[in-house]
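Working notes, beginning with the structure itself.
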Amino acid sequence: VQALRFAVNLALALLGMSLMAAALDALGPMSTPLTLDAERVLRERERCQVLFVGPSYVVSQIHPAAFDAESQRLASPLRSCLFGGTGMRGLELRVHLSRLLQEGWPALKLVVVDITLGQGRSFDQGNWYQPRLIQWHTLESARWIFDYYRSTHWNGLDAKVARAHLGHLLANQLNLGVGLEKLHLLALVRRAQRALGARVKLPESDARRAYRSAQAELAGRKKAQANAYMKRTSQRSHDRRVAQLIRAKARLRKTHKTVASDWLFELRELTRSHRAEIAFIEAPVWLARRTKLQRKAARALPMIDFNDPAKYPPLYLRKHRGNTHHVNWYGGEVYSRLLASELSRRKLVR
Amino acid sequence: MIFTEPVFLLFFAVCWSVHWLLGSHRRQKLWLIACSYFFYGSWDWRFLGLIVAATCVDYLVAQQLERHTEPATRKLILFASLAFNLGVLGFFKYFNFFVQSGTGLLHWLGLHVQPKTLPIVLPVGISFITFQTLSYTLDVYRRELAASRSFLDFAFFVSFFPQLVAGPIVRARDFLPQLAHKPQLAGVEGRRMLLMFLGGFLKKACLADNLARAIDPIFAKPGGVHGLDAALAALSYSVQIYCDFSGYSDMAIAVAGMLGYRLVKNFDFPYFSRDVQEFWRRWHMSLSSWLRDYLYISLGGSRGSRWFTYRNLFLTMLLGGLWHGANTTFLVWGALHGAALIAHRAYRQALAARQVASPFERNAAGQLLAWWFTLAWVVFCFTIFRAPTLDRAWLLLGRLEVWSGTPKLSPDFWLLLPGLAGVHFVLSRHGRALYARVQALPDPAFYLGYGACSALVPYFMPVNAQPFIYFQF
């Protein structure tokens, strides 16, 4: 009788916990640059036909206006929008894309995913329990995480990492640390803050402020880069890097290792379930991959490799390059137009 | 493994279930000792040897103390125990501090020497373990307690994991008698313990850790902060350390209670004290009573002249400060409290000599003023306690007079601190009644509500949990 009573009480407590967790979950996740970017792009979803998703190679290099204008010129007018964040890749990209698509995109025809950074898990110990990492540890992604480690022959997975993944999953399910932000967003608190007139420095507004400043910086950088070209010291190394890249690409065609590509097929299934096609791109960076996708993926999936100075020389002109792996504002314009023409040429948008 | 980590909850679920499933008392003890060693070893298994050594040494010492009657021999045996326990504590905790302080002194005297410090890792909770074992030996030496005949019981007492790393400091005379009888599950006040654990969790994770995130940057870089920020940071640290340590103590008492053992109370609303002496009767009660019984009284207590008593008070508090860690800030904190206790004692004696009542006790305004003075003093001392160095402490305190510019801390603090004080006040007056009402709820209401409140705690926890402050001591 005592054991039965204990079991019932435990079940009641777990039920109460689950109900409360579900209610809190409805209040939304903690703000991170990615959730804030998702808020922004969701405002465009009624009209967006081509959605670009990926890391900074998408966010800072693709100019939707240039893309739209070029597609108009090519007689296949499209409206584009983009979503992404620094270093977003693999599992994180999948989770956020899945969440975005669930919101309903009536006009969406094509999702273009930048896979330059590969499938990677982006789970360095120094970043453990950062809100961004907690966010992609969902129940849905648990299977993807397992598949990822299986596809890499359990490389990098030890007891400590496995425990950390479990901890992140638990933190996600219990909405760890979200409440403080929600509390600060309460009208009463905001009113008090305004009335007392102090400068507000809160964990929640840190994320928002960082996002705003990143957006402003991006806009500023685009403007600044219109008049600031690559540094002279970088120009010499740029020429050397481009030559190296061409050689590496040639080598890659002859000898290469293949990497598992199932995740790309899964991404295609995901977008198709929302009635949109998918295309993958590799950004025009300086480094070449050492691996190629499996043949079945290379054949079956639409893939555009811009990481090829021989094929896309304008993207590697000095005047189009910034001082990092990214192209500058002019390069971004060229890249966006090239994207539009490649998508049109391959008839990826019907 | 700390109490607020999910892995601890998993560990405790296994520990608790097996403990109550085991039939014999002896097996239960063996199981809990194994769990305790696992718990401590999860920090650093190498230091398990220290616990085993302390257990063996003090067990043998107590046996010998009981066997011998000659005072000289007994003193010698006691000295061996003190040398071992304080030697271990001194080596791990104070070696580098004394080397550096000695070098500084010689440097000041004009002698230049190269200090030779060691890369020593401080074992978690070593001060607590040492004080606990010392209390046992001293009690046996004073013949206030019979030496434990059972090695198993003594090993259980030393290693019992709920209080192992940060107290409350358990006395053998309170704990060992509990081991004579097998604990009964029916005797466990389950609901009270669950509420106490949740309350402690909330204090630590939702209050202390969130306060720490806001005020740590101010203590790290006090130069340039607004006076209001400095004041709020100082006040908030006092709230933080209380929530952190009393939260830990509540969880420790609850965890022990769920296993059928009773630990002593460690806090009794200390911030409502109206003088420093009362504060020390209500703050970290297990340490202050330990210091009183084993240090102050051993030094002679108040059995001598007035100045002799003052000296004992001061030395006790100074060593109490040093117990917290090898840093001049702790020494100064202890010295300040020692000075305050002396001043308070002198004031009381002067009033007694004149046969007049204290003006602070005559009416509510006087009591309020006494409370305010005491709180201000405690907050001031904790500011020194918290600062990494004395220079930083003075720098922060110096900023209290700078009121130009705009404060950076969120105005939420201005709402939060009075709110917390209000809740604290209500709990101090009606806490028992409220607890009793909640405990009396029918099962479905209690457990559904408990589960729902448990889900609220992580919702308000900061993402990166802080270790308990007292773990470093």
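Just so we're on the same page: letters track the sequence lines, and every chain starts at 1. Treat the numbers as computed from the prediction; the structure is a model and nothing was measured.
A:L174 pairs in a side-chain contact (heavy atoms from CB on, under 4.5 Å) with only one of the listed residues (B:P458, B:S454, B:P6), which is B:P458. Just one residue in the list A:V178, A:L176, A:D25 forms a side-chain contact (heavy atoms from CB on, under 4.5 Å) with B:Y459, and that residue is A:V178.
Residue A:L10 does not touch chain B at all, counting heavy-atom pairs closer than 4.5 Å. Only the side chain of A:L170 comes within contact range of chain B, judged by heavy atoms closer than 4.5 Å.
For A:Q102, the CD atom sits in a packed shell: over 12 heavy atoms of surrounding residues, nucleotides or ligands are nearer than 6.0 Å. By the 6.0 Å contact criterion, CZ on B:R27 is open, its count of non-hydrogen atoms from other residues, nucleotides or ligands being 12 or less. Within 6.0 Å of NZ in B:K182 there are more than 12 heavy atoms belonging to other residues, nucleotides or ligands. By the 6.0 Å contact criterion, CH2 on B:W45 is open, its count of non-hydrogen atoms from other residues, nucleotides or ligands being 12 or less. Other residues, nucleotides and ligands contribute only 12 or fewer heavy atoms inside 6.0 Å of the CZ atom of B:F38.
Between atom OH of residue B:Y447 and atom CE of residue A:M17 there is a gap of 14.0 Å, rounded to the nearest 0.5 Å. Between atom CH2 of residue B:W20 and atom CZ of residue A:F6 there is a gap of 12.0 Å, rounded to the nearest 0.5 Å. Put simply, CZ on B:R191 and CG on A:N9 are 7.0 Å apart, with the number rounded to the nearest 0.5 Å.
The minimum heavy-atom distance linking A:A21 with B:A455 is given by the pair N-CB, 4.1 Å. Closest of all the heavy-atom pairs between A:L12 and B:L448 is O-CD2, 3.4 Å. When all heavy atoms of B:A452 and A:M20 are compared, the pair lying nearest together is O-CG, 3.2 Å.
Taking non-hydrogen atoms and a 4.5 Å limit, the residue list of residues 436-445 of chain B in contact with chain A, ordered by number, reads B:D443, B:P444.
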- request: For A:L24 and B:L456, run side chain to side chain contact (heavy atoms under 4.5 Å, CB included): C-alpha distance rounded to whole Å, both residues' side-chain angles, the deciding distance at 0.1 Å, then the answer.
  value: CA-CA 8 Å; A:L24 296 173; B:L456 272 174; 4.1 Å; yes

